[in-house]
Q: 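Handing you this structure, nothing more for now.
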Amino acid sequence: MQVLYFAWVRERIGVPREDVETSAETVADLVNELRGREERYDLAFSDMSAIRVALDQELSDLHTSLAGVREVAFFPPMTGG
Amino acid sequence: MQVLYFAWVRERIGVPREDVETSAETVADLVNELRGREERYDLAFSDMSAIRVALDQELSDLHTSLAGVREVAFFPPMTGG
Amino acid sequence: MSISVQVDDFDVGAEINALSDGRTDIGAVVTFTGLVRDMAGGEKIADMELEHYPGMTEKALANIEAEANARWDLQASRIIHRYGTLAAGAQIVMVATASPHRADAFEAAEFIMDFLKSRAPFWKKEGTADSGKWVDARDADEDALNRWS
Amino acid sequence: MSISVQVDDFDVGAEINALSDGRTDIGAVVTFTGLVRDMAGGEKIADMELEHYPGMTEKALANIEAEANARWDLQASRIIHRYGTLAAGAQIVMVATASPHRADAFEAAEFIMDFLKSRAPFWKKEGTADSGKWVDARDADEDALNRWS
């Protein structure tokens, strides 16, 4: 599964995207799995209220299933316009 | 006193402006005086709900005094923009 | 703040540039451009005759612009209103507002347009194939003013 | 309906002309242009870095534009959003809407801007003299969305 990071989430994790082997069932499971791997993930995801998630380029949330999803993106609240 | 007419008020009265000798005290008095003079005024002012008035280029109303006023204008509701 | 009442056409892009060129403090520019539509009430419109009240028009536009600048945080504003004979598709009016904040720029431009519609001394006569017809004031335009009071 | 996500600058006047040239049925064109401000929270801003999510950005902009066209009576619309490094004073975004009616053109442009502010995947990093700071999302921008629901 492709996992993408943007803005300060990208900066904290240190890469813009990576291929992640996981059997996580939901976004929240994936986050917990990553936080257990290395400190940089733990730091990036320490306050999930400041994190937004998109599944296959559609805004979603932590409780959504990852079944069939190819691309997960984590980023701060958007500041366009 | 200079009296100006615009849009269909001007068309009905037949002139864009004229000098009017009057001792009318209010706008309503002036309108009544003009209506008594000729039919074209009577026609133009037959429905005063469709007429707006400006005194010295400021929007005003029928009950306002003409004391000190140099320019009176009659016109339909404005359609700018 | 600047207003023009003129026969000549105008260039919205050039007006935006004149407001914002060389400045780095503006966050938002809103423009409104009004055009002559080719249809009105199911009738084909060839052109529009715009009559105005020279002298009063300039005062009314300057007052509307000053009022907008008093109500909202504007860094610049511009009003241009044409008169004379305008063909279908021609530009009639433009309003531009610049502000640090988008809401101020939007609201001020809407406010100015609402006032121009029924408080600036212009009168429109639509030219159809065989005659001309004075445009009636719309209740909706009068109602639009009430939201600002 | 047309959207662009690009590094290059744009010309608002040319975009307005592209919407309206050769047409005689448009009554109102509204444009919004967003610019990089040189100050934020009392600090001097030299430039702004705009990051986005290629692919998702284009989808989000197309969805916002389609929703605006579904809600209001629009004859044409255009969204351009830049990314990359933009100097203070530079143009960031423009929205243009054309409609027979001024209220539709104004509301649709405001709606699109409100959505771009907090639903399009862009992130701004302000460059100050010695560092960079990610711009926080504003509660006011989130609140602005609620009026359309």
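So you know, we letter chains A, B, ... as the sequences are listed, proteins then strands, and number each from 1. These numbers come from the heavy atoms of this one structure, side chains and all, not from hydrogens, waters or symmetry mates.
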Q: Measure B/Ala54 against the heavy atoms of chain C and call it side chain, backbone, both or neither at under 4.5 Å.
A: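 For B/Ala54, the contact with chain C is made by the side chain alone.
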
Q: Counting heavy-atom pairs closer than 4.5 Å to chain B, which one of C/Lys124, C/Arg119, C/Met94 comes out on top?
A: C/Lys124

Q: Decide yes or no on side chain to side chain contact (heavy atoms under 4.5 Å, CB included) for C/Arg37 and C/Ile45, but give the supporting numbers first.
A: CA-CA 7 Å; C/Arg37 292 177 60 195; C/Ile45 303 302; over 6 Å; no

Q: Go through the steps for C/Val95 and C/Phe111 under the test side chain to side chain contact (heavy atoms under 4.5 Å, CB included), then give the verdict.
A: CA-CA 10 Å; C/Val95 170; C/Phe111 170 85; over 6 Å; no

Q: So does B/Leu4 get a backbone contact from the side chain of B/Arg17, meaning a donor-acceptor N/O pair under 3.5 Å?
A: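 No; judged by distance alone, with no hydrogens or angles, the pair does not exist.
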
Q: Using the salt bridge (Lys or Arg N to Asp or Glu O under 4.0 Å) criterion, which residues pair with C/Glu43? Sequence neighbours excluded.
A: none

Q: Would you check if B/Arg12 and B/Tyr5 make a side-chain contact, meaning some heavy-atom pair closer than 4.5 Å?
A: no

Q: Do any N or O atoms from the side chain of C/Thr128 and from the backbone of C/Ser131 form a donor-acceptor pair under 3.5 angstrom?
A: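 Judged by distance alone, yes, a pair lies under 3.5 Å.
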
Q: Under a 4.5 Å heavy-atom cut-off, does chain B meet the side chain of C/Lys117, its backbone, both or neither?
A: both

Q: Assess the side chains of B/Glu33 and B/Tyr41: does a donor N or O sit below 3.5 Å from an acceptor N or O?
A: no

Q: Under the 3.5 angstrom rule, does the side chain of B/Asp29 hit a backbone N or O of B/Thr26 as a donor-acceptor pair?
A: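 Indeed, once roles are kept as given, a pair shorter than 3.5 Å links the two residues.
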
Q: Backbone N or O of C/Asp8 within a donor-acceptor pair of the C/Gln6 side chain at under 3.5 Å?
A: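 Indeed, once roles are kept as given, a pair shorter than 3.5 Å links the two residues.
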
Q: Can you pull out the residues in residues 133-149 of chain C with any heavy atom less than 4.5 Å from chain B?
A: C/Trp134, C/Val135, C/Asp136, C/Ala137

Q: Walk me through whether C/Glu15 and C/Thr33 qualify under side chain to side chain contact (heavy atoms under 4.5 Å, CB included).
A: CA-CA 12 Å; C/Glu15 296 295 335; C/Thr33 312; over 6 Å; no

Q: Would you check if the side chain of C/Asp104 reaches a backbone N or O of C/Leu74 as a donor-acceptor pair within less than 3.5 Å?
A: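 Absent.
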
Q: Sort by residue number and list every member of residues 47-66 of chain C having a non-hydrogen atom under 4.5 Å from chain B.
A: C/Glu51, C/His52, C/Tyr53, C/Pro54, C/Gly55, C/Met56, C/Lys59

Q: Any heavy-atom pair between the side chains of C/Lys44 and C/Asp38 that's under 4.5 Å?
A: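 Yes, at least one pair of side-chain atoms sits under 4.5 Å.
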
Q: Measuring only between side-chain heavy atoms, which start at C-beta, is B/Asp19 closer than 4.5 Å to B/Gln2?
A: yes

Q: Would C/Lys125 and B/Glu11 pass as an ion pair if we require N to O under 4.0 Å?
A: yes

Q: What residues of residues 75-93 of chain C make heavy-atom contacts with chain B at a cutoff under 4.5 angstrom?
A: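 The residues closer than 4.5 Å to chain B, in numerical order, are C/His81, C/Ile92, C/Val93.
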
Q: Contact part of B/Arg10 toward chain C, heavy-atom cut-off under 4.5 Å: side chain, backbone, both or neither?
A: side chain

Q: Could you walk me through whether B/Phe74 and B/Leu30 pass the side chain to side chain contact (heavy atoms under 4.5 Å, CB included) test, one step at a time?
A: CA-CA 11 Å; B/Phe74 294 103; B/Leu30 175 63; 4.1 Å; yes

